[in-house]
Amino acid sequence: MDDLERAILVMFDESGALDDDLKKQAKVYCNDIKEKPLICRLCIEKLCFSNLVQVQFWCLQTLHEVIRTRYLTMTPDERHMIRGSVFSIVCLEDKNLTRVLEGPAFIKNKLAQVLITLIYFEYPLVWSSVFVDFFPHLSKGNVVIDMFCRVLNALDDELISLDYPRTPEELAVAGRVKDAMRQQCVPQIVRAWYDIVSMYRNSDHELCTSVLDSMRRYISWIDIGLIVNDAFIPLLFDLILVGPLSDQLRGASVRCLLAVVSKRMEPESKLSLLQSLQISRVLRLVTEDVDVELVSDIAALLSGYAVEALDCFKRINSEDAKGISMELLSEVLPSIFYVMKNFEVDVTFNIIQFLSGYVAIFKSFVPLPEKQLLHLGQILEVILVLIRYDPVHRTNLDVMDKIGKEEEDRMVEFRKDLFVLLRNVGRVAPDVTQLFIRNSLASAVSRSSDSNVEEVEGALSLLYALGESISEEAIRTGSGLLSELVLMLLSTKFPCHSNRLVALVYLETVTRYIKFIQDNTQYIPMVLAAFLDERGIHHSNINVSRRASYLFMRVVKFLKMKLVPFIETILQSLQDTVAQFTIMNYTTEELSGSEDGSHIFEAIGLLIGTEDVLPEKQSDYLSSLLSPLCQQVEALLINAKLLNAEETNAKIAVIQQIIMAINSLSKGFSERLVTASRPAIGIMFKQTLDVLLQVLVIFPKVEPLRNKPKQMVGFLLLLNQLICKFNTLVRDILEEIFPSIAERIFSVIPRNGLPSSGSDAITEEIRELQELQRTLYTFLHVITTHDLSPVFLSPKCKAYLDPVMQLLLYSSCNHNDILVRKACVQIFIRLIKDWCAQPYEEKVPGFRSFVIEAFATNCCLYSVLDRSFEFHDANTFVLFGEIVLAQKVMYEKFGDDFLVNFVSKGFSSAHCPPDQAEQYRQKLQGGDFKALKSFYQSLVENLRVQQNGSLVFR
């Protein structure tokens with residue numbers, strides 16, 4: 001072993017025993033060798049005499065790289081030497097060279113790749129006989145034949161196949177190679193394929209499989225007559241149908257037939273081809289005991305055949321030809337349906353797409369022929385089978401563990417195309433579709449055990465999905481079988497109703513068809529039962545229960561007035577649910593999304609908040625709900641100052657839950673009702689607010705909140721909820737507590753920002769501070785957008801005005817979260833409107849000059865000039881719109897004071913050309929906001945080019 005061989009072995013060593021530095025030295029040594037002038041001769045010598053696979057691979061890899069990068073600089077003698085040597089190895093011209101062809105597959109594939117690189121540069125102009133020279137060597141047996149197949153495969157992979165991106169140069173070379181091969185050697189290659197398969201079909205199935213898989217790649221661009229003839233097509237069918245051949249060889253034959261079927265040609269020629277194949281010969285195979293992979297190949301053939309027959313139907317105008325196309329489809333469809341219902345095949349997606357196209361042609365069929373109606377029914381059967389979950393995942397899906405979540409996500413995605421297909425069938429054959437779903441539902445109901453979870457869930461999912469394609473009017477009137485289906489749905493209690501998936505799809509389906517109840521109020525008790533008993537809100541699974549609460553709210557919102565007679569029944573049924581809502585362990589359940597259970601209070605509010613309810617009844621209902629909640633808050637506030645951090649956090653969580661409930665309840669009461677028509681109701685809500693405001697008095701003084709960002713975040717969220725609900729009614733208490741809030745937050749958050757989320761220095765403490773900071777911005781935004789900006793100016797809060805403004809200014813220019821920057825700009829816009837209502841008004845001393853000199857220049861100009869401000873980002877572009885709006889508002893309020901400063905100081909420092917500054921002035925003074933925004937963007941982009949992004953925040 002010489003030094004190079006030792007270096008190659010070290011470089012490829014994967015034992016882990018060798019030092020990394022040694023491997024790096026070996027790599028450097030090998031790379032230096034590659035640069036030597038005689039490297040190709042050295043590689044060929046090593047290939048001829050070395051038995052080490054690593055050395056063989058390195059030599060082939062180096063040859064490939066050198067030919068690809070240095071071919072044009074090689075001498076004619078060097079090219080001749082490489083060409084002759086490589087071809088000698090490939091064709092086994094010297095028996096001493098068998099070591100390479102007897103090596104592992106990756107060595108032979110690399111050798112084929114080297115030969116194809118030579119073909120790329122030399123065929124047909126320099127080396128015109130490369131393929132013809134191959135044929136005499138095929139008689140040497142399977143070793144050379146196998147290499148012949150690998151060369152053809154590599155030619156397809158490296159140059160011809162359009163499955164890989166190609167450069168224009170590569171496409172030109174591929175065209176040149178294919179044209180030359182068609183003219184020179186394709187017929188001989190096809191003859192070789194035929195002879196090899198005929199000779200080895202009974203003795204070497206693997207070799208025949210390789211030959212056919214190579215052939216399949218070439219059918220798309222060679223003369224189809226070379227394959228579709230009285231010799232080759234019978235051979236392919238013979239391989240598929242006759243004798244105890246391997247499933248791999250039969251599959252390769254099927255794939256060749258698929259390539260024949262998929263060959264591009266005129267529709268008339270294609271239809272003749274499809275007829276001549278007599279594809280019915282392979283249909284019986286799908287029902288025989290064959291390998292699943294072979295079934296998948298046959299399914300691909302049948303679906304490809306069906307796609308082509310359908311394409312012929314669409315493209316041919318002759319009615320006779322259309323009839324033939326439809327007959328061919330009718331011939332293969334039953335087998336396609338059988339495969340889809342009984343096997344998992346790779347081409348499922350392709351078949352679904354084909355079926356969608358097939359169904360689409362029936363839009364113009366009036367009436368639908370009997371055979372096509374039968375096909376549509378079979379398509380529905382296929383859909384039902386495919387949308388069913390695998391029972392093996394039943395427990396995972398019910399408890400929603402990791403496996404269950406992944407399976408549900410996968411099925412949701414998988415079902416999308418199937419439900420599109422279902423709705424398409426429903427549009428062209430509504431009666432067939434509704435009858436099928438009714439029968440599926442009836443079949444599922446007839447089972448007495450809970451073992452048919454997947455069948456029930458599937459049938460219900462069909463009914464739910466169908467609703468998307470049915471008009472509101474059809475649902476309302478219950479056209480066709482819909483009235484029967486809805487009644488069946490409402491009157492059925494499935495044995496497997498305890499299952500999460502069944503319960504959810506059942507409730508979703510009832511909700512989807514609720515419009516039918518609008519004119520059929522006799523079924524309201526059945527609807528209420530479905531939501532209020534163990535099928536819905538009282539389901540044992542909390543995910544189902546809370547989803548039921550949300551869906552029930554939607555039902556109440558829709559039926560509203562028609563439910564007034566049932567209020568007593570509903571409230572009685574929901575007593576335990578309402579009481580449970582604020583129980584500690586109930587509030588801490590981990591649930592996704594916004595379904596926190598508060599929707600049940602919104603539903604109740606919608607029910608009792610209407611003026612159709614008698615005033616005294618309304619007061620009683622509301623009091624029975626508000627009084628316990630207020631009492632619970634008062635109880636939670638007792639001894640609050642003595643609690644530790646964990647206890648404080650838990651109590652705040654419960655209080656937040658109560659506020660959420662009250663907020664949801666109040667949504668059902670209009671402002672007119674609580675202020676004008678029934679002021680007593682308004683007084684009740686005001687009394688409730690007085691109780692809730694005690695939370696804000698007591699909790700800021702609780703010691704654990706001083707240095708705990710998490711608790712402070714919870715408190716601010718609670719405060720935001722109250723502001724959003726009660727607006728200016730909380731002004732007095734907000735003025736009282738704002739200094740305490742500001743003092744604590746500014747004591748823990750640096751005013752020049754925190755490390756960004758992508759920083760390596762992020763710790764758990766910094767993450768908590770980031771959350772607190774984001775919540776603070778939301779808090780300030782809520783204050784300003786709910787007419788509470790005077791709070792900042794009150795005597796108790798005024799000391800914190802400057803720190804707040806400086807924080808907002810810095811964040812509007814520099815915060816890494818674009819949404820935070822947008823919120824800060826929006827706060828400034830609102831404050832300008834509030835505090836500068838009249839031109840030249842100085843409501844807040846110093847604010848006007850601060851906005852003009854600091855905010856306008858730094859945020860509205862310098863921050864957008866920075867190249868990190870990416871206009872193509874959606875959120876950033878929205879922020880840009882707010883920044884332009886801020887300029888418009890400043891001009892409206894400050895007039896030329898703003899414009900002169902912005903142009904003379906800001907634009908001047910950015911070296912803005914005078915003509916563009918003048919255009920900006922004109923756009924700003926004009927009334928077209930879109931034009932101003934568009935011009936300012938182009939102005940900023942032009943200034944960036946001039947400044948090269950050098951301006952920074954000052």
Side-chain angles (χ1 to χ4, degrees), residues 40 44 60 63-93 108-140 144-196 210-211 213-227 259 263-264:
C40 291
I44 288 168
L60 289 168
L63 274 175
H64 176 251
E65 182 181 323
V66 170
I67 296 169
R68 186 169 52 83
T69 58
R70 302 186 211 166
Y71 178 83
L72 297 177
T73 62
M74 290 179 181
T75 65
D77 289 344
E78 188 176 8
R79 295 176 186 174
H80 180 76
M81 182 274 297
I82 296 170
R83 182 189 315 132
S85 301
V86 170
F87 194 73
S88 293
I89 298 173
V90 168
C91 291
L92 205 60
E93 288 186 338
K108 290 181 280 191
N109 290 339
K110 201 69 184 177
L111 176 60
Q113 192 180 34
V114 172
L115 183 60
I116 296 309
T117 309
L118 287 169
I119 289 173
Y120 181 95
F121 289 108
E122 299 191 343
Y123 182 78
L125 299 178
V126 177
W127 190 10
S128 61
S129 62
V130 56
F131 295 105
V132 174
D133 291 345
F134 231 122
F135 298 136
H137 297 284
L138 295 177
S139 60
K140 294 176 181 177
V144 177
I145 294 171
D146 174 72
M147 201 62 224
F148 180 59
C149 292
R150 292 180 190 275
V151 169
L152 292 176
N153 291 348
L155 179 63
D156 184 59
D157 286 337
E158 298 293 318
L159 189 58
I160 295 175
S161 174
L162 294 178
D163 291 340
Y164 310 98
R166 306 290 187 195
T167 65
E169 180 189 349
E170 289 170 337
L171 291 172
V173 173
R176 183 190 75 209
V177 168
K178 288 194 294 183
D179 289 343
M181 289 180 71
R182 287 190 191 103
Q183 186 175 355
Q184 183 200 46
C185 59
V186 165
Q188 294 97 309
I189 292 175
V190 174
R191 183 69 201 186
W193 287 333
Y194 179 85
D195 290 342
I196 293 167
S210 297
V211 170
D213 277 337
S214 289
M215 183 178 93
R216 169 185 55 81
R217 295 166 175 252
Y218 287 76
I219 291 174
S220 66
W221 60 270
I222 65 175
D223 179 4
I224 194 64
L226 295 171
I227 306 296
K263 174 85 171 176
R264 293 177 62 183

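Just the heavy atoms: all of them, side chains too, but no hydrogens, waters or symmetry mates, feed the values below.
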Side-chain ion pair, Arg182 and Asp179, N-O less than 4.0 Å: yes
According to salt bridge (Lys or Arg N to Asp or Glu O under 4.0 Å), who are the partners of Asp157, at least two apart in sequence or on a separate chain? Arg217
Nearest 0.5 angstrom please: Ile116 CD1 to Leu111 CG, how far? 10.0 Å
Would you find a donor on one side and an acceptor on the other, under 3.5 Å apart, between the side chain of Arg70 and the backbone of Glu65? no
For the side chain of Lys140 and the backbone of Cys91, is there at least one donor-acceptor N/O pair under 3.5 Å apart? yes
Quick check for you: to the nearest 0.5 Å, what is the distance between Phe87 atom CZ and Asp133 atom CG? 5.0 Å
Check: Tyr218 side chain, Ile189 main-chain N or O, donor-acceptor pair, under 3.5 Å: no
Measuring from Gln113:CD to Glu158:CD, what's the distance to the nearest 0.5 Å? 4.5 Å
Stepwise side chain to side chain contact (heavy atoms under 4.5 Å, CB included) check, Tyr120 with Glu169: CA-CA 11 Å; Tyr120 181 95; Glu169 180 189 349; 3.2 Å; yes
With rounding to the nearest 0.5 angstrom, report the CG to CG distance, Leu63 to Leu115. 11.5 Å
Residue pair Tyr123 / Gln184, side-chain donor-acceptor N/O under 3.5 Å: yes
Picking from Ile67, Thr69, Thr73, what satisfies side-chain contact (heavy atoms from CB on, under 4.5 Å) with Tyr71? Ile67
Taken to the nearest 0.5 Å, the spacing of Asp213 CG from Cys149 SG works out to 9.0 Å
Is there a side-chain contact between Met215 and Ile219 in this structure, where contact means two heavy atoms from C-beta onward sitting under 4.5 Å apart? yes
Any idea which heavy atoms bring Ile160 and Lys178 closest together, and the distance? CG2-CD, 3.8 Å
Decide yes or no on side chain to side chain contact (heavy atoms under 4.5 Å, CB included) for Val130 and Glu122, but give the supporting numbers first. CA-CA 9 Å; Val130 56; Glu122 299 191 343; over 6 Å; no
Rounded to the nearest 0.5 angstrom, the CZ-OG distance for Phe148 and Ser214 is 8.0 Å
